[in-house]
Asker: 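Shown below is the structure under consideration.
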Amino acid sequence: MICNRCLCSMVQLSLSYKMWDEVVYLNIHPLSLQIIAFDELKTDYKNPIDQCNTLNPLVLPEYLIHVFFCVMFLCAAEWLTLGLNMPLLAYHVWRYMSRPVMSGPGLYDPTTIMNADILAFCQKEGWCKLAFYLLSFFYYLYGMIYVLVSS
Amino acid sequence: MPTESLIGYGAPVCVDSGSDQDGYLQGCTQVKCCPRSLYSLVNCPNFPPQLSAGPAQLSPSLSGLSLQSQTPEALRVVNLLQERNLLPLGPVTPPTPCLPQDLQKINCHPEVFRSTLTSIPQTQSLLNKAKLPLGLLLHPFKDLSQLPVVTSSTIVRCRSCRTYINPFVTFLDQRRWKCNLCYRVNDVPEEFMYNPVSRSYGEPHKRPEVQNATLEFIAPSEYMLRPPQPAVYLIVLDVSHNAVETGYLDVVCQSLLENINALPGDSRTKIGFITFDSTIHFYNLQEGLSQPQMLIVSDIEDIFLPTPDSLLVNLNECKELVQDLLRSLPQMFGKTMETQCALGPALQAAFKLLSATGGRVSVFQTQLPSLGVGALKSREDPNQRASAKDIQHLSPATDFYKKLALDCSGQQVAVDLFLLSSQYCDLASLGCISRYSAGSVYYYPSYHQQHNPAGVECFQKDLKRYLTRKIGFEAVMRIRCSKGLSIHTFHGNFFVRSTDLLSLPNVNPDAGFAVQMSIEENLVDMQSVSFQAALLYTSSKGERRIRVHTMCLPVVNSLSDIFAGADVQAITCLLASMAVDRSVTASLSDARDAMTNASIDSLTSFRTSVLTIQQPGLLAPACLRLFPLYILALLKQKAFRTGTSTRLDDRVFAMCQLKYQPLAYVMLMIHPALYRVDDLTDEGALNVSERTIPQPRVQQLSVEKLSRDGAFLMDAGSVIYLWIGRNCNPNFLTQVLGLPNYAAVPLNMNMLPELDTAESQRTRAFVGWLREQRPFFPILHVIRDESPLKASFLQNMIEDRTESALSYYEFLLHIQQQVSK
């Protein structure tokens with residue numbers, strides 16, 4: 001209980017604009033890398049093995065950061081924001097559970113990534129998530145300004 | 001295009017085969033394809049047709065021309081519920097694309113390049129309406145009897161799409177040509193204007209590149225990333241106790257000794273050996289040593305090469321040492337007691353050894369790898385073999401073999417796997433090492449030199465073919481299609497390096513490939529589209545060559561034309577590959593449903609969109625009349641069947657073969673050919689190199705067709721069954737089998753004795769002819785009522801009902817029910 005209270009106050013304190021910024025920046029950056037990478041694959045610029053080796057290490061950090069934010073929203077009692085992020089959390093869990101058998105972390109298998117349907121799915125996924133993160137950025141920006149103005 | 005040129009050419013000619021014994025047959029059942037002058041037709045249809053020809057039917061229309069006066073043969077409506085005899089007399093021939101005669105004459109041979117739909121739909125929506133898959137099946141490195149080879153200083157290619165010049169380009173005038181894939185106008189280079197064959201100038205369209213759809217170029221140095229590699233062969237042998245017990249080591253060493261001079265290569269050929277059990281053994285074969293020196297590396301966690309060179313030696317210089325090693329290997333491990341098997345580290349060692357040059361690794365494995373990296377656990381539950389629900393464990397357990405295969409592919413190393421084991425070996429995981437490095441998988445279940453002598457013979461013959469067949473190294477293949485079409489999925493053993501570039505460290509003549517296509521842009525204003533497969537490889541003699549196959553197909557915009565051009569065998573094979581993928585990614589029952597739905601959907605589409613008169617019954621066009629039969633055969637195939645006890649490795653191997661084998665052998669696997677052989681006659685026989693090969697009629701796969709007083713031969717691709725009826729003609733038993741009566745037929749007879757009688761000669765000629773047509777060696781099993789193999793023989797009777805599957809008629813009723821909904 002005390003721990004939770006501490007955490008909450010920490011969260012409140014750390015609701016500085018830098019933190020909000022980090023939220024979305026950290027999420028958008030790997031995503032834009034993903035989108036560029038899939039485009040490069042499609043236009044023959046790069047080798048699937050190299051691309052998967054660049055993209056796979058970024059997947060888990062992105063998911064973990066998102067989980068971290070959800071936890072923070074939970075602690076800060078931001079129910080609306082948490083509710084908006086729950087579907088994405090569920091989607092991340094499902095996506096990671098149904099990944100192909102691989103020993104390292106990651107979602108992308110170089111032998112199947114070149115299949116047009118899988119490539120198209122990943123590209124669509126990238127764009128949708130980018131759109132979601134951008135919208136959330138503006139929502140959090142609003143939230144931050146509101147907090148700053150009202151304090 | 002004048003209509004006169006359509007008559008008779010590119011059009012299937014109807015041959016009236018009269019009525020058969022049952023009196024069921026009405027009308028035409030056989031179509032004859034145009035003879036090809038370039039290639040020796042092995043699977044020649046009954047030629048010349050022995051019965052009077054029916055009226056020559058007009059081909060279906062090209063886009064724009066619509067000749068509806070007579071229904072072409074391919075669209076003749078067949079009521080599947082009434083007509084029992086659907087199989088043609090001889091082999092099923094592919095449909096001929098309806099192109100003008102001059103184009104079709106030079107079109108690529110269907111044994112090399114084949115499309116599921118020989119008339120390409122104009123739009124994707126039209127293709128979706130037809131509910132048939134669009135794809136290509138290729139056999140690019142097939143052994144050809146005639147192959148034009150062009151040594152030219154300039155290889156003429158389109159400037160934008162890099163297509164090789166082919167017979168289907170258009171010459172705008174003498175100096176410019178228009179690419180048939182991207183429609184760009186290119187200039188004809190000066191050197192190309194001179195034709196060396198006819199020594200004439202100014203006729204570029206007479207050059208061999210523009211006269212042959214299949215040819216080979218000798219590639220100049222721009223096509224080489226590095227100097228052409230020599231042929232490098234590495235043999236990796238399992239020498240654990242289990243392995244030595246099976247006795248395979250003797251066969252391998254003997255075969256290598258016999259064929260050592262026939263290994264494809266030149267003076268630079270290199271060879272090496274690795275053996276493994278719980279440790280890895282290397283062999284120092286340096287010239288100058290008195291005998292081969294074995295070096296053992298026991299640290300399998302961190303494999304290293306004990307000496308930097310002389311593990312892989314020049315074959316010609318060190319031949320005696322190699323032969324010494326091969327002679328002493330079986331005895332060296334004769335008394336071994338090691339039971340563990342460290343396959344993963346052995347493969348890593350092999351990769352390390354070959355990564356500098358590339359080459360071929362042949363791995364012989366007899367048990368589940370139990371030690372080191374890549375160790376596997378037994379995942380099969382014997383109680384689930386006959387499960388009617390889903391089959392588990394069809395996908396790899398670990399990605400070690402896949403990752404290693406990708407590394408190998410990057411260094412131009414291909415790994416071929418020979419699995420000779422009697423127990424579960426997790427072929428689903430092990431097979432990955434070959435699948436992504438363009439290798440091949442050979443499987444000999446229950447191999448044992450004493451208990452299974454037929455298997456030993458099969459292994460010997462397969463090894464001989466494997467060691468001596470043509471091989472290409474460090475190859476890449478690119479498949480291009482006309483603007484508007486795109487390839488979205490590939491099937492076969494290779495790694496897809498970029499959108500249409502396949503990386504093949506080794507290419508061999510027994511590998512088949514399939515691709516699925518989609519129509520991205522509507523093909524308006526196009527009379528025809530072209531496809532080109534270009535295979536760039538290094539021959540075993542160190543020459544860089546490019547084998548180019550080009551195929552041209554017409555574009556149509558009516559659904560009936562699409563159905564008229566459907567190639568039922570190609571569709572079945574492509575569906576089989578798609579179903580294998582679906583079984584692994586989703587589930588087996590999903591794949592089975594998808595296959596059934598494919599037949600239902602296409603027949604529904606035919607009924608609603610093409611048929612003008614609705615009749616009762618299950619109506620199909622003549623070109624697709626065998627489609628439900630083939631789908632049922634797939635559902636009862638070892639790869640997809642449920643409810644019948646099937647070992648997991650057998651199932652996974654059947655799936656691998658469905659994806660890897662070229663079309664002709666896949667069709668035999670799926671739908672074996674049944675012949676009656678106790679009354680072979682010379683009527684309608686083929687004359688091949690002075691031998692008379694009888695051509696018995698292909699029977700339906702039903703026990704109904706088996707008769708107690710006959711003998712029947714079933715050709716199932718990799719195995720041939722000769723079933724003897726209980727009251728078989730004693731003439732047959734004495735003249736062909738050399739046995740006095742039925743009771744004397746042994747349970748495990750595998751050979752036809754060479755007797756001097758006419759019947760024996762005919763039967764042996766027929767069996768020999770069947771065997772010659774394929775690169776692998778099918779074992780012959782003589783079966784009588786009490787034979788243990790009777791069950792597998794009867795399992796191939798796909799038209800019959802079993803306790804877990806429908807009969808053919810019931811399946812048709814099920815389809816009819818769904819189609820009429």
Side-chain angles (χ1 to χ4, degrees), chain A residues 33-63 90-128, chain B residues 161-162 344 373-374 376 379 393-411 426 428-429 431-438 476 478 485-503 515-518 520 577-578 581-582 584-586:
Chain A
L33 198 66
Q34 250 180 32
I35 291 180
I36 297 173
F38 288 128
D39 200 50
E40 278 178 335
L41 262 186
K42 228 179 167 188
T43 53
D44 292 0
Y45 206 57
K46 270 213 164 151
N47 188 332
I49 303 179
D50 298 330
Q51 288 293 42
C52 289
N53 287 340
T54 357
L55 290 177
N56 278 333
L58 296 176
V59 171
L60 266 185
E62 182 201 333
Y63 291 4
Y91 175 76
H92 282 166
V93 169
W94 170 80
R95 188 84 164 90
Y96 205 72
M97 290 294 141
S98 55
R99 69 190 190 130
V101 173
M102 45 172 83
S103 43
L107 287 179
Y108 309 111
D109 179 9
T111 54
T112 51
I113 193 81
M114 292 306 295
N115 272 346
D117 36 356
I118 297 196
L119 196 58
F121 174 77
C122 292
Q123 276 187 313
K124 241 191 307 192
E125 185 196 24
W127 283 113
C128 288
Chain B
C161 67
R162 312 298 292 144
V373 67
L376 297 170
R379 295 190 289 170
H393 307 306
L394 291 171
S395 50
T398 162
D399 69 339
F400 167 73
Y401 295 100
K402 191 192 287 195
K403 287 227 286 263
L404 188 57
L406 291 181
D407 291 336
C408 288
S409 181
Q411 301 297 330
D426 203 348
S429 309
C432 291
I433 190 81
S434 297
R435 199 173 311 151
Y436 302 109
S437 64
V476 289
R478 187 160 235 145
L485 293 167
S486 79
I487 299 180
H488 64 81
T489 312
F490 296 86
H491 301 281
N493 286 7
F494 43 71
F495 174 55
V496 183
R497 213 160 68 195
S498 79
T499 31
D500 53 1
L501 188 65
L502 309 177
S503 164
V515 300
Q516 282 169 257
M517 295 189 296
S518 61
E520 304 270 290
S577 297
M578 288 158 70
D581 277 352
R582 183 74 78 90
V584 174
T585 51

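Below, chains carry the letters A, B, ... as their sequence lines are ordered, and counting in each starts from 1. Not measured: the values here are computed from a predicted model.
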Asker: Most heavy-atom pairs under 4.5 angstrom with chain B, which of A:Thr111, A:Asp109, A:Leu119, A:Thr112?
Answerer: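 Winner by heavy-atom pair count: A:Thr111.
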Asker: With a 4.5 Å cut-off on heavy-atom pairs, point out which of B:Gln516, B:His488, B:Lys403, B:Arg435 contacts chain A the most.
Answerer: B:His488
Asker: Should A:Pro48 and B:Phe495 count as side-chain neighbours, where that means a heavy-atom distance under 4.5 Å?
Answerer: yes
Asker: Sort B:Ala405 into side chain, backbone, both or neither according to what part of it lies under 4.5 angstrom from a heavy atom of chain A.
Answerer: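 For B:Ala405, neither part sits under 4.5 Å from chain A.
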Asker: Sort A:Pro100 into side chain, backbone, both or neither according to what part of it lies under 4.5 angstrom from a heavy atom of chain B.
Answerer: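 Neither; nothing under 4.5 Å.
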Asker: Mind listing the closest non-hydrogen atom pair of B:Pro396 and A:Val101 along with its distance?
Answerer: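 Residues B:Pro396 and A:Val101, closest heavy atoms: O-CG2, 3.6 Å.
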Asker: Tell me every residue that passes side-chain contact (heavy atoms from CB on, under 4.5 Å) with B:Ala586, counting only those two or more places apart in sequence or in another chain.
Answerer: B:Arg582, B:Asp590
Asker: Just by distance, no angles: are the side chains of A:Asn115 and B:Thr489 close enough, under 3.5 Å, to form a donor-acceptor pair?
Answerer: no
